[in-house]
Amino acid sequence: DGGITQSPKYLFRKEGQNVTLSCEQNLNHDAMYWYRQDPGQGLRLIYYSQIVNDFQKGDIAEGYSVSREKKESFPLTVTSAQKNPTAFYLCASSNSGSRGTQYFGPGTRLTVL
Amino acid sequence: GESVGLHLPTLSVQEGDNSIINCAYSNSASDYFIWYKQESGKGPQFIIDIRSNMDKRQGQRVTVLLNKTVKHLSLQIAATQPGDSAVYFCAETPIFYGGSQGNLIFGKGTKLSVKP
């Protein structure tokens with residue numbers, strides 16, 4: 001099956017802890033993205049990567065970090081510096097950085113206890 | 001700042017009727033638009049897209065209309081079914097968004113409810 005996978009589906013963490021969300025794609029897409037979605041809201045861009053070993057901040061990058069060591073993987077770390085981390089996190093990928101349609105994974109719901 | 005928005009946060013239709021979901025965008029430089037469907041607890045699914053050199057594009061039971069004069073985008077769903085119940089987002093790609101092409105700007109979404 002081709003697609004984007006995110007794990008885990010649900011994640012709980014205590015305040016002050018860092019946590020890493022996984023995103024993997026086997027679509028051979030160059031570009032990958034991380035979004036945050038809050039209840040009743042649209043998607044806000046956290047980080048994106050258009051090529052391996054390169055990534056750029058999105059609109060709300062503070063308190064988050066990413067890496068892009070492999071084309072198929074783009075993990076997101078939510079650090080303790082993120083003031084309000086409870087949200088639904090969505091990963092996406094696209095064929096190229098030039099206005100390719102983005103395809104989304106199933107999402108990870110992070111809850112900070 | 002410039003953003004993509006939707007006229008109505010909720011829309012309720014009877015099963016079998018046609019649905020029209022509207023979206024206004026403010027960036028006249030945007031040249032690519034996408035509609036996504038998001039069911040509860042899931043990631044958005046691509047429905048249909050349209051480029052700015054087109055006014056209309058049809059898919060299976062869905063049609064997207066683009067009016068560049070008034071910067072308006074709409075999604076029409078024919079013979080709406082219970083399975084169409086979801087939140088629908090429009091998204092745009094401004095040509096020079098943050099200096100990097102390909103990034104999408106999403107509206108807040110319209111929740112479509114289909115009554116049996």
Side-chain angles (χ1 to χ4, degrees), chain A residues 2-10 21 23-25 27 29-51 54-61 87-111, chain B residues 1-6 8-10 21 23-27 29-54 57 59 64 86-111:
Chain A
I4 304 172
T5 57
Q6 291 185 242
S7 61
K9 187 170 176 62
Y10 298 97
L21 282 58
C23 178
E24 304 277 330
Q25 54 98 2
L27 300 168
H29 285 170
D30 290 313
M32 297 186 75
Y33 309 80
W34 273 107
Y35 293 89
R36 170 188 172 130
Q37 186 177 33
D38 293 286
Q41 299 294 313
L43 282 65
R44 292 185 290 168
L45 183 64
I46 305 173
Y47 267 98
Y48 63 98
S49 168
Q50 294 183 349
I51 195 169
D54 186 52
F55 49 82
Q56 305 294 329
K57 291 182 179 180
D59 299 318
I60 54 165
F88 190 47
Y89 290 88
L90 288 157
C91 179
S93 68
S94 68
N95 220 355
S96 70
S98 178
R99 296 191 289 283
T101 301
Q102 293 184 23
Y103 295 93
F104 286 83
T108 292
R109 187 166 299 280
L110 173 65
T111 303
Chain B
E2 295 171 325
S3 64
V4 178
L6 290 156
L8 292 173
T10 61
I21 301 171
C23 180
Y25 64 94
S26 56
N27 190 336
S30 291
D31 68 339
Y32 180 57
F33 304 87
I34 306 174
W35 280 101
Y36 287 93
K37 172 187 179 183
Q38 186 178 26
E39 296 175 329
S40 181
K42 297 183 179 179
Q45 293 175 276
F46 170 84
I47 301 174
I48 193 167
D49 60 0
I50 189 168
R51 298 204 179 271
S52 59
N53 60 353
M54 301 172 69
R57 190 160 187 225
V64 56
V87 176
Y88 289 82
F89 293 97
C90 62
E92 64 174 320
T93 299
I95 295 177
F96 296 112
Y97 176 79
S100 299
Q101 298 179 359
N103 294 343
L104 296 175
I105 298 175
F106 287 84
K108 288 188 168 59
T110 291
K111 183 175 181 179

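In what follows, chains carry the letters A, B, and so on, assigned in the order in which the sequence lines appear, proteins first and then strands, with residues in each chain numbered from 1. Keep in mind it's a predicted model, so treat the numbers as computed, not measured. Side-chain atoms are counted along with the backbone in the values below, which use heavy atoms only and exclude waters and symmetry mates.
Note that OH of Tyr35(A) is 4.5 Å distant from CG of Leu104(B), once rounded to the nearest 0.5 Å. Separating the CZ atom in Phe88(A) from the NZ atom in Lys42(B) is a distance of 10.5 Å, to the nearest 0.5 Å. Here the straight-line distance linking atom OG1 of Thr93(B) with atom CD of Gln102(A) works out to 7.0 Å at 0.5 Å rounding. Note: Leu43(A) CG to Lys108(B) NZ = 12.0 Å, rounded to the nearest 0.5 Å.
Contacts between Gln6(A) and chain B at a heavy-atom distance below 4.5 Å are absent for every atom of the residue. For a residue to count as touching a neighbouring chain, one of its non-hydrogen atoms must lie under 4.5 Å from one of that chain's; by this rule Gln45(B) does not touch chain A.
Looking only at heavy-atom pairs under 4.5 Å with chain A, the residue among Gly41(B), Pro44(B), Gly43(B) that has the most is Pro44(B).
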query: Could you go step by step and tell me if Phe104(A) and Phe46(B) meet the ring pair (Phe, Tyr, Trp, His ring centres under 6.0 Å) rule?
result: CA-CA 8 Å; Phe104(A) 286 83; Phe46(B) 170 84; over 10 Å; no
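Using a 4.5 Å heavy-atom cutoff, the side chains of Gln38(B) and Leu90(A) are in contact. Residues Tyr32(B) and Thr101(A) form a side-chain contact, since some pair of their non-hydrogen atoms from C-beta on lies under 4.5 Å apart.
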